Amino acid sequence: MAGGNKQVDGLRRHELASYDILDTPAETEFDDIVRVASETCGMPVSLISLLDGERQWFKAETGFGRNETPLSQSICAYTVQQDDVFEIEDLTLDARTSDNPLVTGGPEVRFYAGAPLRTADGVALGALCVLDTKPNKLTPSQAFVLRTLAHQVMTTLELRRSLRQRRETDRRNTAILESALDYAIVSLDLAGIVTSWSPGAERILGWDEAEMRGKPAHVFFTDEDVANGVPEQEMALALLSGRGADERWHVRKDGSRFWANGEMMPLRDEHDRHEGFLKILRDRTEQRNAAAKEQADAAFMRGVLSSSADCIKVLDPDARLTFMNEGGLAVMEADDFNQVKGCDWTGFWKGRAQMDAKAAFWAALAGGTGHFQAPAETLKGTAKWWDVQVTPIRGADGRPERLLVVSRDVTAQRASEQRIVESEKRWRGLFEGMQEGFFSGEIIRNANGKATDYRFVEINPAFAAQSGLPVETVGRTVREAIPDIPDWLIETYARVVDTGTPEVFEISVPQLGRVFEVRAYREAENRFAAMFIDVSDRKQAETRRAALAELGDRLRNSDDAGEIACVAAEILGRTLGLSHAGYGAVDHDRETIAVGDGWTAPGIPGIGGVHSFRDYGSYIENLKSGRAVIIDDVANDVRTANDAEALAAIHVRSLLNLPLMEHGRFVALLFALKAKPYAWTGEEISFANNIADRTRAALARIEAEERQRTLNLELSHRMKNMLAMVQSIATQTMRTATDLNAAKDVLAGRLIALSKSHDLLLGGEIGSAPIETLIESALQTHRDNPGRFVLKGPTFTIGSKAAMSLSLMLHELATNAAKYGALSTAQGKVSVEWTLREDGGEPHCALRWLEQGGPVVKAPTRSGFGSRLIGRGLAGNFGGEVDLSYPATGVMCTIDAPLRGLQAEDAPATNR
């Protein structure tokens, strides 16, 4: 079909709405038109087609069998673009229609001719068309008939609209008449016969309408007035001046008289033809003195005329001013009537206003009423807005011979209206720009009065965004827009309407992941309004606070590290709506994470096991440096884009990784994963950090308690070993001592060496000490100058099992060297060197003690406790061999033992 124009389509739909014709039942006058068109043109099909949005609807049809088709199949859509009859002789040969379903399929139309249906303003509503199943062509006569019938369609539509408007006007007039009980309102035909009688007339005059209809108005005039022809005079005056006013005596049904003032006005039909009179009476019986009252009223009317702010003028048939009241002269800022007398009244107006003034003048001169509003300046140049009405003043022959012009200064009113418009615009802008969603609706009830649905009356953009419903939903019912709407929501709004009591409740929109607080209140009758306030953030904050409280309660009562990790993962995953959540131990060097049970959303496989970070992206360095990794969409982030498929395989599209550090090392990870792309908020990241901190604190508490238990056991065991070793040293020392003083000194030195090794072990990690530190501590008492000892070798730790034995051995070697060897002279020194090597696939340590610069060494003839301590007593502790030799240049002691033996720890006493 032809391309549409949104502005034209909108104007067409507006016009169609004013005719109230769409989807109405068949009507004879329209059915007759299509039959005449079909028969006159000799075509089997004739339609009255109206274009409505995405469809064309047929008010009348013959030979077609449908009442509408999609607009995409409409040929009339081309006709509305024409000014006259539009014709296609063979639809199969025209590019615009050759592929139209009506042409290619049933009913296989071949010929089309249509006349546009245009309003008086030129808006094309549709077309009257005829169709044939074979190629054809209209004759000039047929085209004339089609054009004429199209005009008849529009005439009929206009008549329907006028009748509808007339009925509405009659309804309003009837309501006015029935409510105006202080006035007797009577309508008369041209002969003065009563045609209608208002309730006010019945109350004032006494007769009811049935009694008075068809009788002359003379009945309620006095005999004198009837004899003087007063009723006829009033009708003549009404015709002459547009209305006739009088005050006189009238007669009631019971014969009593009452004084009334009244008006008689001519009644005109829609074509401005005189069809009768309207008589209005008001009981003024209290004014008894007719002459005085008449003079007072006349004086009053003259005063009103002179003091009226309205500018009242009389024009001659050439539109020249012949009269202006005093109030008019004042409002026009004229000093004297002579300033404007004889001037062309239309000359006071400019531009479009002058055109409106001339149109009103000619309308009144033709016997009608002209009315318009326009701006014009006073004689002193003051700009004002005027509401102007021009009516004819008729002569004796009933024709307008002068014109009455009443111009009212509406400048203030106009300004007020403009302020109202601006206010409405401002409030409309606020309504459309407000962040809170708002809509008003109307409850729909069934025959039993039960609320079953509601219709959207107004929707603001914020509500459209919140609900996902377009603003165009206005006019539709909620069940049309949302078929599965819960009944409780409709019942809630109905309760607000029925009770008039506002209600506040919450509603969730899962599709948007939002929660709204709804404040509903009654507007009028079945109308209500509802404001939607987004409380999602508040609800989420409450949920997170409750989750943290729950986490604290559950962690406080748990001493199991695995259970703590599972609890944290479950609360994190449930609160943030994750696919996976967990707390995993990290191997910093291998760059892996061991994931336990964790938490997994229902229906998604778990991801427990050991994972390599580099299998899922290139962000491990961020984690190692203690920086959180937050990725909204792994497919679009440079760190994970290349591994997006691997992440998708475990249902991950968005991730939040929080590293946990100890002494600068990456040791654990709290992870939060989502199966869909997601923008993490600051509040969610803070919540996850809080979970991580509390989880790590709980685990640290368990680890600290475990370390304390281990330390206590180790100290107990070590104390027992220490006492046993002291006992052994004391026994051996005393057994080989030559005198008590010597034994005391030797024992003291050995116990000091034992004490230092013990202090050394307790100063570092329990149960181990660096080898170089151990050696330096054992030799410290003999270091009398910086060059005494040369220590050289790789760094590794000595376990508690060998530490004290090695300290005692070094103490014995140093003591002997101080007595007999290199340390007994100022030039002597000792070299202690150690190396590591592989022996049989197992690492070994070789440590050598070598004395230099001392006296010539001789091998001892017997071995004391110290020698046995060095040569035999400690070798078994290392799991290796000790070689003690005495070359002349200096004592040399070599220890060769497996590294595991040197690094072994004593088992706690409870495990022995």
Side-chain angles (χ1 to χ4, degrees), residues 435 464-468 508-516 534 536-541 543-544 547 568-584 586 591-595 598-661 666 668-693 695:
Q435 297 300 311
Q466 291 172 347
S467 64
S508 176
V509 183
Q511 299 89 335
L512 302 177
R514 310 303 289 171
V515 178
F516 300 97
D534 191 339
S536 306
D537 292 341
R538 187 189 74 196
K539 299 295 290 185
Q540 291 170 1
T543 301
R544 290 192 291 267
E570 178 220 334
I571 292 177
L572 181 64
R574 171 165 42 87
T575 304
L576 296 185
L578 306 175
S579 59
H580 305 287
Y583 183 92
V586 169
E591 299 180 350
T592 60
I593 178 173
V595 179
W599 182 88
T600 304
I604 296 179
I607 58 172
V610 178
H611 297 269
S612 172
F613 284 102
R614 293 196 183 274
D615 290 343
Y616 302 103
S618 60
Y619 50 82
I620 180 61
E621 297 303 328
N622 297 88
L623 297 175
K624 282 185 172 184
S625 62
R627 297 196 302 272
V629 174
I630 305 167
I631 298 178
D632 296 342
D633 188 348
V634 298
N636 296 332
D637 194 286
V638 293
R639 295 171 290 181
T640 53
N642 293 334
D643 298 296
E645 292 185 5
L647 288 164
I650 58 173
H651 301 274
V652 177
R653 281 295 300 275
S654 179
L655 60 86
L656 170 61
N657 286 346
L658 300 177
L660 300 170
M661 313 297 286
F666 177 32
L669 177 76
L670 183 73
F671 59 87
L673 311 176
K674 281 184 176 280
K676 294 181 179 180
Y678 183 75
W680 301 93
T681 67
E683 291 79 7
E684 291 169 332
I685 296 170
S686 177
F687 172 74
N689 273 313
N690 217 325
I691 292 283
D693 292 343
T695 303

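Keep in mind that what you see is a predicted model, and the values were worked out from it rather than measured.
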As an exercise, state the distance from OG1 of T600 to NE2 of H651, rounded to the nearest 0.5 Å.
10.0 Å

Would you confirm whether N622, through its side chain, and R627, through its main-chain N or O, come within 3.5 Å as a donor-acceptor pair?
no

Closest non-hydrogen atom pair, T695 against A568:
OG1-CB, 3.1 Å

Considering only heavy atoms from C-beta outward, does the side chain of L673 approach that of L578 to under 4.5 Å?
no

Calculate, to the nearest 0.5 Å, the distance between atoms CD1 and CG belonging to I620 and N657 respectively.
9.0 Å

With Y678 via ring pair (Phe, Tyr, Trp, His ring centres under 6.0 Å) - residues at least two apart
W680

Compare all side-chain heavy atoms of E684 with those of R544 and state whether any distance is below 4.5 angstrom.
yes

Examine the side chains of S612 and R614 and answer whether a donor and an acceptor come within less than 3.5 Å of each other.
no

To the nearest 0.5 Å, atom CG of D633 lies from atom OG of S654 at 7.5 Å

CG of L623 to CZ of F671, rounded to nearest 0.5 Å, is 12.5 Å

Going by the side-chain hydrogen bond (donor to acceptor under 3.5 Å, both in side chains) test, which pairs reach into residues 572-583, not counting sequence neighbours?
E550-R574, E570-R574, Y583-R696

Any L647 side-chain heavy atom under 4.5 Å of R653 side chain
no

Heavy atoms of A688 and L656 approach each other most closely as CB-CD2, 3.6 Å

Looking only at heavy atoms, the pair that brings V634 and L655 closest together is CG1-CD2, 4.0 Å

Taking the side chain as C-beta and beyond, is there a heavy-atom pair between W599 and I571 under 4.5 Å?
no

Smallest heavy-atom separation, L660 atom then A692 atom, equals CD2-CB, 4.2 Å

Shortest non-hydrogen pair, A635 vs A644, comes out as CA-CB, 4.1 Å

Kindly say whether E621 contributes a backbone atom to a donor-acceptor pair with the side chain of S625 at under 3.5 angstrom?
yes

Between side-chain atoms of residues 604-611 and protein atoms elsewhere (two or more places apart, or another chain), which donor-acceptor pairs fall under 3.5 Å?
from, atom 1, to, atom 2, distance (Å)
H611, ND1, Y616, OH, 3.2
H611, NE2, I607, O, 2.7

Treating K674 as the side-chain partner and L576 as the backbone partner, does any N or O pair qualify as donor plus acceptor under 3.5 Å?
yes

If I compare all heavy atoms of K624 with all of M661, which pair ends up nearest, and what's the gap?
O-CE, 3.1 Å

When rounded to the nearest 0.5 angstrom, what is the spacing between CG in D637 and CG in D632?
8.5 Å

Heavy-atom side-chain proximity of Y619 to T640 below 4.5 angstrom:
yes

How long is the gap from CG on L670 to CG on N690, to the nearest 0.5 Å?
11.0 Å

